[in-house]
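Quick note on labels: first sequence line is chain A, next is B, and so on, each numbered from 1.
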Amino acid sequence: MKIENQKIVSTSIHMTGIAVIFLAVGVGLSTIVSIFDNRVDFFQLLLSTVILIFVGSVLFKSSELGATDQASIFTAVGTTWLVVSLLGTIPYLFVGTFSRAGIGLPEVFVDSLFESVSGFTATGSTVFGVHNSIQSQGSGILLYRQLTQWMGGMGIVVLVVSVLPSLRASGLGLIDAEAPGAGVERIAPRVVETAKKFWYIYVSLTVFIALGFFVFGMGLFDAVAHGLSTASTGGFSTKDISLGYWNSITIEIVAMAGLLIAATNFTLHARLIERKRFDYASDSEFKSFIGVIFLGVLIITLLLNGEGFSFGSSLRNASFNVITLATSGGFGNALGSGEAGDFASWPGSTQLLLLFFIVLGGCSGSTSGGVKIMRFRIGLAHAHSALRSIMRPRALIQTRMGNRTVNDSLVERIAGFVVIYGMLVIIGTFILTALGSDLITSLSGTFSALGNMGPGLGEVGPTSSFVDGFSAPGRLVLLIFMLIGRLEIFPMLLMFVLPYRASMQAVKSKKMSHGSD
Amino acid sequence: MIFSLYSKRGNSQSVSYVNSPIWIAVSRGILVGVSSAGLLAVLSGLVDLTDSGGDTAFFLIFGILTTLICAYLARYVSGKKLKRSEIFIEVTSGFFFCILCSSFLYLLLIEKVNFGDAFFESAAAFTTTSFTVIDFGISGRGVIFYRTASQLLGSFAAVLTAVILIPISQDNFGLGTPGRTDTKDVFPEKKKAVKNISLIYMVSTLLLTLALLATELDFFDSLLISLSTISTGGFVRNKDVFESSSVQLLLIAGMITTGTSVVVIWRLLTRKVNSLFRSSELITYLALIMGAAFLLFVWSDKGTASSLSKSFFIALSSISTTGFHISVFDNWTVSAGFLLLLLVTIGPMSLSSGGGFQIYRLRILLAVSVRELIRQLHPRAVVKIKVGGESVLEDRVRQVVVFQFIFTSIIFLTATVLTISGVGVYEALSSSINALATAGPIRNADGMVIGVSSFSMSERLALVPAMLSGRLYLLPVLISFGYVFSETRNFLRPRRRILHAIRSNN
């Protein structure tokens, strides 16, 4: 590690430092909120804030920006997410959120880490459950939990880039490495401006959603908390049965609308706000997104109706659950296990269709997870053109999406992504089944973690806790998959590959120097 | 004989009533398919003579009549050279009509069988899928031989399709079998390929039959099991034979062979043993078998020699997509079930009789993932995909990626149709994977075999397209489907139909 002017030259440490300070700000806000909740957890949260500010400041002050090549960018993004997720456990550990009778410190740590990673990656899977009720927690820690999703939803690195002018040169690369989708479109001449605009839209959306919830019957705290997790398509709730607690169609409609907006490419929102251009109707990805959701709702409504549910109830539950899974929101509207909205108790056909939505995800450049509509469309278009070229061997057939020709290199990128995604699913499912979970729970759990969805099928449905479906090592595997999925696979994988490659190169050069001697 | 039928027809001066290339392809497919079923019926009739001979007359009349009618009708089908895509339609229709024709045979020969059951049984036989819905308990030798030999015919036709139509020695396109340049010495031309592959099938069947004769099995049973093993069909009339350790060991050897590429086997037969060790696909195949058997052995928790042999048998039965019905260990785990599904999905080597995704394609996909990781670091780098030290054409890589996409989509669609019909999610996924990989049997989460006979007619029929697509390496069926779709669309849109007709006339 290089040291210049008594400072460590490292992009990773520098970025991590400021990200930890942001985290401290989040915990600080929660500390303030806890004052209004009879100071429940106040001192623990305050202590966490102090520690985080200290760690963040030390990391930031003791380092300066280093290399900004592709390898360093991936390492920086990966390290930032890893460290923030790890330090994010501090408030949970100090408050003792997951301490319960019969489990030791390692499992408490795994649960805290799971909740922290699930929060920052905006997954929404939770280890709270019947054994440890969400509603028994203080407001401070609950707000912190919602804030982790909010910060992670738009992206910690986007947040860092928006306040660090020194990152200007490599900013877009950093955002691109973190942002979900097949690339980030610059919406302002300067990268910092682009990052700020994304955050401006994000904050505004959060405020509007929170207002919507508040107007339609939620209390102020719950409205803000759910606003944070809706805009981030995270899915954490302040109630044990999620939105089912309110059993209100209007609240569900607000959540659905919020999730749909959040799962749409933010560039389209920026164009609407800045240039007053309504490009949604001409955006092929958005049209496909809405079309697939519409079709899914229609089919599932009919299937549920055919199973004896009333049409109204079928339509309501199908719409809510399709949208919440397609946008990677992960909220639940069931009133309890086995109730109408609990899709884990629905017929197999509807579960398989929902699994498809878990894999699919939302639009690129949004806060949603999953494989993304764009990749599916390009995959379909590529398959179509490959088959056509076999039927007409002499014709020059290109892959087209809408009116545009898709670049070959983009097709290759997507092919590589899908292949790695598939392999990770197989590896994850295999490990989880070997750790004792059943196949459907393991498969859907892996898809859910990689796509940052939240609930899965089988034992980890919308009303279940991940403690019920997976053992502690299983949860550890899942949280790794959440991180891999949130950063769209490559930064996390390369973070481990790069040190290995560097060490191999060092060994090689050592051998060469020995040989020349 | 069937192939010579058409070479002679090319020289005849008969009037051709079918001129559209598509219809020529379909007509030829029907003739080849039906006459193949007919010839097999003649052979089965002769086999039936070794038993009571009760079905012999029927078999012979059916077989001779269908073959003669097909030979006569062949004179009226144009001898025009078809494009590769049209030959795919010929292959698909050939397979389909062979299945259809055989189902009539079952319908007429076996009591209390409806058309749906007969069609499914026939489809399972020709696609070498280890599913069965008919009870052959009281059937004569002729019928049982027909059922078993259909598997060999289907398997032979599929391998031939892969070798001839989905080229391996020429560097053309090929969505099914990935292109390779190391096979020119084995299949220099089509006729040689047919001859060599026939020889491989005959020699391996004969050797396995003779080896099985050394156990307690009689000749007929040995022949049936050997036919089922070499074709990866998995059909047996008595499932208890697998409990014998000597039979198990022989079938392990048989299944290893059947999952091996015909190219490798040919080299072994021609004593080019050294080249075998250079086949990275073979090494991967053997490593997968060893790894899977080891895991099953560890999970079996018995540690005896018989459990080791059983572990190998179960692993091989899955990866070679033979699908022999054998009971699993008492303490069956979910991960063992998933491992078997994984093995079935992967399948054996390319150009073997087995189905599934096949190892060569899997290796290409692995190489694609590594390339993508490198490209993340060096976006402008030109990285060639290499498998076993040999570069793979970029077009071929893309086709394998598309193959993966279509493979997954078919599994999902079939499973969805099954769940709509009421099958559980796990069973639906397991069924669709086994059908597409032409493997079987379907097992539930506890490892117990679920008989396809417990499925409703619509559920069984939903499996047939997957079985047919899987057996023909997806491409021929997809191309045929594409043609049917576009023709239907043209028919439904009069303006397009007129334009299409004008273009065809020009």
Side-chain angles (χ1 to χ4, degrees), chain A residues 69-71 74 177 303 306 347-353 355-356 379-380 382-393 408-409 411-420 422-423 426 429-440 442-444 457-458 489-491 493-494 497-498 501, chain B residues 83-85 88 172-175 295 299 333-339 341-342 345 365-366 368-373 375-379 394-395 397-399 401-406 408-409 412 415-430 445 475 478-479 482-483 486:
Chain A
D69 58 306
Q70 206 69 7
F74 281 126
L303 287 170
S349 51
T350 55
Q351 291 194 24
L352 212 55
L353 286 169
L355 189 64
F356 169 71
L380 270 175
H382 181 52
H384 183 241
S385 67
L387 288 175
R388 278 185 66 201
S389 69
I390 290 163
M391 287 164 84
R392 293 171 194 169
D408 274 354
S409 64
V411 174
E412 282 169 22
R413 264 181 76 180
I414 290 169
F417 176 87
V418 172
V419 169
I420 299 175
M423 285 176 185
I426 290 170
T429 309
F430 188 72
I431 297 173
L432 291 172
T433 51
L435 288 169
S437 302
D438 71 75
L439 185 62
I440 300 301
S442 304
L443 183 71
S444 63
L457 304 175
I489 298 174
F490 297 112
L493 291 186
L494 288 169
V497 173
L498 288 173
R501 208 175 64 155
Chain B
K83 285 191 285 186
R84 197 176 299 275
S85 53
F88 284 142
N172 293 332
F173 62 87
L175 197 68
L295 281 176
W299 288 332
T333 57
V334 181
S335 46
F338 182 63
L339 179 68
L341 277 182
L342 210 56
T345 312
L365 288 188
L366 282 170
V368 167
S369 59
V370 172
R371 177 173 73 176
E372 203 41 47
L373 285 174
R375 278 195 180 162
Q376 290 293 319
L377 294 175
H378 311 288
E394 203 52 49
D395 267 5
V397 174
R398 284 194 202 127
Q399 284 158 3
V401 171
V402 170
F403 186 93
Q404 177 217 18
F405 188 79
I406 296 169
T408 319
S409 306
F412 180 77
T416 307
V417 172
L418 289 176
T419 48
I420 288 173
S421 180
V423 180
V425 178
Y426 183 95
E427 286 76 15
L429 283 171
S430 173
L475 188 61
L478 283 175
I479 297 284
Y483 268 112
S486 66

Side chain, backbone, both or neither: which part of [X] has a non-hydrogen atom closer than 4.5 Å to chain A?
X: B:Thr416; value: both
X: B:Tyr426; value: both
X: B:Ala445; value: neither
X: B:Ile420; value: both

Check whether [X] gets within reach of chain B through its side chain, its backbone, both or neither, counting any heavy atom under 4.5 Å.
X: A:Ser437; answer: backbone
X: A:Leu355; answer: neither
X: A:Leu439; answer: both
X: A:Leu432; answer: neither

**Asked** Quick one: CZ on B:Phe338 to CG on A:Asp438, what's the gap to the nearest 0.5 Å?
**Response** 12.5 Å
Taking the side chain as every heavy atom from C-beta outward, state whether [X] and [Y] have any atom pair closer than 4.5 Å.
X: A:Thr433; Y: B:Leu339; value: no
X: A:Ile420; Y: B:Val368; value: no
X: A:His382; Y: B:Arg398; value: yes
X: A:Val418; Y: B:Phe405; value: no

Nearest non-hydrogen partners of [X] and [Y], listed with the distance:
X: A:Ala386; Y: B:Val402; value: CB-CG2, 3.9 Å
X: B:Val401; Y: A:Ala415; value: CG1-CB, 3.6 Å
X: B:Ser369; Y: A:Met423; value: OG-SD, 4.1 Å

**Asked** If you count heavy-atom pairs under 4.5 Å with chain A, which of B:Val397, B:Ile479, B:Leu341 comes out on top?
**Response** B:Ile479
**Prompt:** Top residue by heavy-atom pair count (under 4.5 Å) with chain A, among B:Thr345, B:Val417, B:Thr408, B:Leu366?
**Reply:** B:Leu366
**Request:** Tell me, out of A:Leu303, A:Leu457, A:Ile426, who's got the most heavy-atom pairs with chain B below 4.5 Å.
**Result:** A:Ile426
**Prompt:** chain B: which of A:Thr350, A:Ile431, A:Asp408 shares the most heavy-atom pairs with it under 4.5 Å?
**Reply:** A:Asp408
**Item:** With A:Ser349, the side chain to side chain contact (heavy atoms under 4.5 Å, CB included) member among B:Val423, B:Leu418, B:Thr419
**Value:** B:Thr419
